[in-house]
Number of protein chains: 2
Amino acid sequence: MAKNNSEIKADLRQEILDAAREMFVAEGYANVSMRKIAEKIGYSPTTIYLYFKDKNDLLHQICEESFAQLARNISSIQQLSANSMDKLRMGLREYINFGLKHPSHYEVIFIMPLKSEVEAEYEMSQGKVAFETLCSSVSDCIKDNLLKNNDVGLISQTLWAGIHGITSLLITHSGFPFAEREKLIDNVIETLISGIEA
Amino acid sequence: MAKNNSEIKADLRQEILDAAREMFVAEGYANVSMRKIAEKIGYSPTTIYLYFKDKNDLLHQICEESFAQLARNISSIQQLSANSMDKLRMGLREYINFGLKHPSHYEVIFIMPLKSEVEAEYEMSQGKVAFETLCSSVSDCIKDNLLKNNDVGLISQTLWAGIHGITSLLITHSGFPFAEREKLIDNVIETLISGIEA
DNA sequence: AATTTAACTTAACAGTGTTAAGTTATTTTT
DNA sequence: AAAAATAACTTAACACTGTTAAGTTAAATT
């Protein structure tokens, strides 16, 4: 029943991550202080620094987890038995849905600029996995001769720009009088698909 | 030679705006404190609060100025003698260029989420002007029967999503191994245009 | 000449991220 | 079994932050 010490230690790191993620999502990164996180988990603020370099590092670790989740979601779509173009469409939609379902989270991951000295080292290491999943979906469409261009990287980055654009606009400019949400998202995806189609 | 008092007062507001903009651009909104701004202009920190409600308000006022500049830039393109589709293309490119030329500035305007109680009141009052300039450019293309859809708002929002996407990605994910910048921007614009074209 | 107003400052509050030093309990070594 | 080392955590403090209430000083108005 009782956990031994190493389990408790391992748990504490995850406990901090869980508490921080929940609070970042609920109140926004800037509005959550190390002291508040510490209070929530019942430790002193400085304990967090035993597990994470600083507040930015804590954010980065949470980003990694979320990137990994998004990558799994998109990846599982690619294993459905549908044509490559429809799977690409579904992948794009999953990306947007992921962002809109976790707006504060998406903000933290993709919108907020994370300037850290060590950022270059591990930046997007899981984010790259998610992007590469998109690339392989695009690659499948190219193999099926469905696109007018065969530069996988260029097309994938263009698609990413499009879906990141609509996702982040809907999140950060919530006061703007956008068209009906589903209709707008459909239009963005169909415009992108139609723009790269053969 | 010497300015009278009302001129000095009027100047001080602009002086604060100029100093704040320069520092926000150079160091990022979060890294500039009211005290640093005050020191730069040679007044006490609290003086700023005589001209602006709070730090967020100061940011909003700067945004308004920049929106207005962007709107003028795009608007002047629409008065060239070229076909409506090319002018639309040039407008899209001007938007992206504006963002990349003033990355910290763009960040402050379009990327950073500005949650203020009074935001809804004046949010994007100049931003709307910029957006409406894009709308009228789209509208011209529709009049010339060049688009496959005639929903001006929907198309404009889709285009905005695309150009905002590439601009903000290039700014905030500068560590990502993007394709060659000009090639990528061209591809985004051509994909969007080709996606809405008749 | 007295009063009001405008423009600005001082001092302070309540918070922030972060660090250095200290404590306590457990584990390892002798 | 006693001593030393380590791990896990806390206390106290530093140097900041945005913001406000109260105070000052000089000019304009009555």
Rounded to whole angstroms, how far apart are [atom1] on [X] and [atom2] on [N]?
X: B/Asn56; N: D/dT17; atom1: CG; atom2: P; value: 17 Å
X: B/Tyr49; N: C/dT10; atom1: OH; atom2: P; value: 16 Å
X: A/Arg13; N: D/dC9; atom1: CZ; atom2: P; value: 14 Å
X: A/Glu27; N: C/dT16; atom1: CD; atom2: P; value: 11 Å
X: A/Tyr43; N: D/dA8; atom1: OH; atom2: P; value: 11 Å
X: A/Leu59; N: C/dG17; atom1: CG; atom2: C1'; value: 14 Å
X: B/Asn31; N: D/dC16; atom1: CG; atom2: P; value: 14 Å
X: A/Ile48; N: D/dT10; atom1: CD1; atom2: P; value: 10 Å

**Asked** Is there a donor-acceptor contact under 3.5 Å from the side chain of B/Thr133 to the main chain of B/Val129?
**Response**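 Here the side-chain-to-backbone pair exists.
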
B/Lys143 (side chain) donor-acceptor with B/Ser84 (main chain) under 3.5 angstrom: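 No; judged by distance alone, with no hydrogens or angles, the pair does not exist.
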
request  = Look at the rings of B/Phe176 and A/Phe131 and say which category their plane angle falls in: under 30° parallel, 30 to 60° tilted, over 60° perpendicular.
outcome  =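 B/Phe176 and A/Phe131: perpendicular rings.
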
With the side chain defined as heavy atoms from C-beta on, A/Thr47 is closest, among C/dT9, C/dT18, D/dT10, to D/dT10

Notebook entry, point to check: Counting side-chain heavy atoms from CB outward, which of C/dA7, D/dT11, C/dT18 is closest to B/Tyr51?
Noted result: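 Of the options given, the side chain of B/Tyr51 lies nearest C/dA7.
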
Open item on the list: Could you tell me if A/Lys101 sits above the aromatic ring of A/Tyr106, with its cationic atom closer than 6.0 Å to the ring centre and no more than 45 degrees from the axis?
Closed with: no

| Under 6.0 Å from the six-membered ring centre of B/Phe67 and within 45° of its axis: does the NZ or CZ of B/Lys128 meet both? | no

Joining Ile, Leu, Val, Met, Phe, Trp and Tyr whenever any side-chain heavy atoms lie under 4.5 Å apart, the cluster holding A/Met90 also takes in A/Ile77, A/Leu80

Close residues, residues 32-41 of chain B, relative to DNA chain D [heavy-atom separation under 4.0 Å] =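 Output list: B/Val32, B/Ser33, B/Met34, B/Arg35, B/Lys36.
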
